[in-house]
Protein chains: 2
Amino acid sequence: MEFPNTGDFLAGRLRDKLGHDDLEYIESLVVERREAETGEVLLSRGAIADTSTILISGYMFRTIESGNQRFIVGLHVPGDFVDLHGFALKRLDHNVVAAGPVVYGVAPHEQLREALEERPRVARALWFATLLDAAIHRKWIQMLEQLDAPRRIAHIYCELHRRFELIGQANARSLRTPFTQIDLADMCGVSAIHANRAVGKLRELGLGEIRRGDLYTSDWDALRKYAQFEPDYLYGDGPLRFDQDWL
Amino acid sequence: MEFPNTGDFLAGRLRDKLGHDDLEYIESLVVERREAETGEVLLSRGAIADTSTILISGYMFRTIESGNQRFIVGLHVPGDFVDLHGFALKRLDHNVVAAGPVVYGVAPHEQLREALEERPRVARALWFATLLDAAIHRKWIQMLEQLDAPRRIAHIYCELHRRFELIGQANARSLRTPFTQIDLADMCGVSAIHANRAVGKLRELGLGEIRRGDLYTSDWDALRKYAQFEPDYLYGDGPLRFDQDWL
DNA sequence: ACCGTCTACTGATGCATGTTAGCTTCCGTG
DNA sequence: CACGGAAGCTAACATGCATCAGTAGACGGT
């Protein structure tokens with residue numbers, strides 16, 4: 001994966017929503033490429049940022065700290081802008097942390113502001129990206145209200161798998177992540193011990209084997225059914241399909 | 001409360017973020033005022049809307065249905081646009097339901113689109129509103145991951161109280177809502193029976209009395225402490241204060 | 001090779017919450 | 001006034017999950 005101007009690493013989720021020149025334009029906003037290690041805090045709550053960040057490879061967490069405890073409130077996959085909201089809100093209400101080794105790009109707000117003013121299609125695509133984040137948040141709320149721990153874990157992996165499908169990077173029999181069981185626990189709102197039992201239950205049920213964060217399964221459909229996973233909220237190809245005409 | 005052109009019922013949360021003429025402009029987008037009864041579904045998942053809705057009085061729920069069960073994933077108070085995201089996403093991923101008797105305004109997308117193009121400050125204020133929704137979603141995720149049922153209920157009332165403060169409608173000793181204990185249960189992801197226990201516990205602890213949805217308390221601070229409520233995420237006056245200069 | 005640390009895993013016990021069932025109070029309506 | 005439905009409430013038992021205690025393997029540093 002080269003950089004810059006390769007034309008295939010950026011704006012993953014928007015890839016088939018925008019024309020070639022808009023995509024190239026978005027790429028051109030990224031002036032620098034950086035790397036970070038597991039656990040590195042890329043953006044801190046309360047800090048004022050003058051750049052926005054796009055994830056190129058790896059995973060990032062959105063976390064909220066509260067009394068020595070960490071809560072994971074969102075996940076990001078390659079191609080996601082992780083802090084577009086920081087552009088408009090100025091100060092972030094949460095942290096952004098590297099879930100494993102990551103590569104990311106940096107886009108100065110100054111140039112983003114210019115983009116918003118001069119490229120209405122790009123402006124709306126970026127707005128769409130933040131609205132998609134909100135839709136995913138809502139699904140997590142429902143997931144936490146409805147599902148028990150094993151199903152929450154299954155749902156998270158199903159969501160990630162679908163998100164990788166949407167950027168053409170899904171694998172038929174596995175999904176590789178750097179997540180520890182502690183990470184899974186912090187996403188699901190359960191203790192690490194219980195996350196371990198939940199992982200054990202998925203194995204026991206024959207739905208999937210999670211080893212060092214990597215999920216191996218022979219039957220995604222069974223896993224999706226178990227987790228009651230319905231992908232509509234990701235605005236891919238289903239009934240809620242994102243309306244391209246609008247852009 | 002008259003209509004239209006009263007200048008004081010709309011854009012509650014944006015009131016002190018925009019100038020007078022921008023507020024008037026937003027008001028002018030609302031071409032019709034309507035009413036609805038408890039439980040009425042104002043917007044259905046999957047439907048295509050050509051208008052956006054602003055809540056004038058009462059409460060609305062955002063709900064997701066799943067297998068005969070209803071999950072409440074968000075709340076709205078007067079002055080909130082409840083479906084701005086419907087404007088950009090076209091199809092909604094969830095329902096919007098009247099939590100009690102409501103009055104609301106309707107703004108055609110056509111005019112909103114014009115507003116976005118001709119009034120960059122208004123466009124950014126509306127974007128801010130959707131980002132604020134997302135920040136609230138994140139807080140709910142954390143709340144569900146961290147708190148037990150009594151604290152979740154307390155947190156929800158503290159959040160509502162603060163949101164009413166921000167639009168100048170808070171009451172020092174009470175907060176009136178039309179919520180049933182079933183509604184509270186569906187917000188907290190617990191059974192109705194357990195919501196009842198949680199309400200009983202708050203009463204037992206002397207933190208507040210909830211009767212037919214109305215909360216009476218003599219000590220908001222104690223309630224906030226119990227719920228570990230930190231209002232920063234609402235982007236009011238705290239350290240995360242919304243940056244007016246930016247608009 | 002040794003040590004400490006991090007991650008995965010297991011069992012025992014208690015609290016939080018779900019489920020089922022039945023009862024009461026309130027309120028609108030015939 | 002009688003009635004019925006919806007909301008609030010209570011009890012008894014079952015399950016989910018937290019907590020505490022402890023073991024074992026992987027890994028990096030010395």
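Residue numbering restarts at 1 for every chain, and letters A, B, ... go by the order of the sequence lines.
An angle of 40°, rounded to 10°, separates the two end axes of the helix from C:dA1-D:dT30 to C:dG30-D:dC1, each defined over five pairs.
Electrostatic pairing of B:Arg162 and B:Glu165 counts as a salt bridge here, judged by a charged N lying under 4.0 Å from a carboxylate O. A salt bridge between A:Arg224 and A:Asp221 is present, with a side-chain N of the basic residue lying under 4.0 Å from a carboxylate O of the acidic one. By the 4.0 Å N-to-carboxylate-O rule, A:Arg211 lies too far from A:Asp214 to be salt-bridged with it. A salt bridge links B:Asp133 with B:Arg62: the closest approach of a Lys/Arg side-chain nitrogen to an acidic carboxylate oxygen falls below 4.0 angstrom. Note on A:Asp232 versus B:Arg91: no salt bridge recorded, every NZ/NE/NH1/NH2 to OD/OE distance being 4.0 Å or above.
Of the possible polar contacts, none joining the A:Arg45 side chain to the A:Ile64 backbone as a donor-acceptor pair under 3.5 Å is found. The backbone N or O of B:Cys158 sits nowhere less than 3.5 Å from a side-chain atom of B:Trp220 that would complete a donor-acceptor pair.
Contacts of B:Ala192 with the nucleic acid, taken as non-hydrogen atoms under 4.0 Å apart, are absent. At the heavy-atom level, B:Gly189 lies under 4.0 Å from the strands shown only through sugar-phosphate atoms. Among the atoms of the strands shown, base atoms are found under 4.0 Å from some heavy atom of A:Ile193. Residue-level contact check: A:Arg211 touches neither bases nor backbone, having no heavy atom under 4.0 Å from any strand. The residue B:Ser191 sits close to a base: some heavy atom pair falls under 4.0 Å.
Mapping heavy-atom proximity under 4.0 Å, the span of DNA chain C touched by chain A runs 5' to 3' from C:dT7 to C:dA12.
Each of A:Gly213 and A:Arg197 lies near DNA chain C, and the nucleotide nearest A:Gly213 is the one positioned closer to the 5' end. Position along DNA chain D of the nearest nucleotide to A:Arg212 versus A:Ala195 favours A:Ala195 as the more 5'-ward residue. Mapping B:Asn196 and A:Val190 onto DNA chain D via the closest heavy atom, the residue that lands nearer the 5' end is B:Asn196.
A straight line from CG of A:Leu144 to C1' of D:dG16 spans 15 Å, rounded to a whole angstrom. Atom pair B:Leu147:CG and D:dA18:P shows a separation of 13 Å (rounding to whole Å applied). Distance A:Gln181 CD to D:dA26 C1': 14 Å, rounded to the nearest Å. The nearest whole Å value for the distance from the CD atom in B:Glu204 to the C1' atom in D:dT10 is 14 Å. Rounded to a whole Å, the CG atom of B:Asp214 is 15 Å from the P atom of D:dA7. The distance between atom CZ of A:Arg152 and atom P of D:dG16, rounded to the nearest whole Å, is 13 Å. Summarising the geometry, the separation between CD on A:Gln146 and P on D:dG16 is reported as 15 Å, rounded to the nearest angstrom. The nearest whole Å value for the distance from the CD atom in B:Glu145 to the C1' atom in D:dA18 is 16 Å.
Open room surrounds CZ on B:Arg176; 12 or fewer heavy atoms of other groups in view lie less than 6.0 Å from it.
Put simply, the residue from B:Tyr226, B:Trp140, B:Phe229 that forms a ring-ring contact (aromatic ring centres under 6.0 Å, His included) with B:His155 is B:Phe229.
The side chain to side chain contact (heavy atoms under 4.5 Å, CB included) search around A:Lys225 returns none, not counting sequence neighbours.
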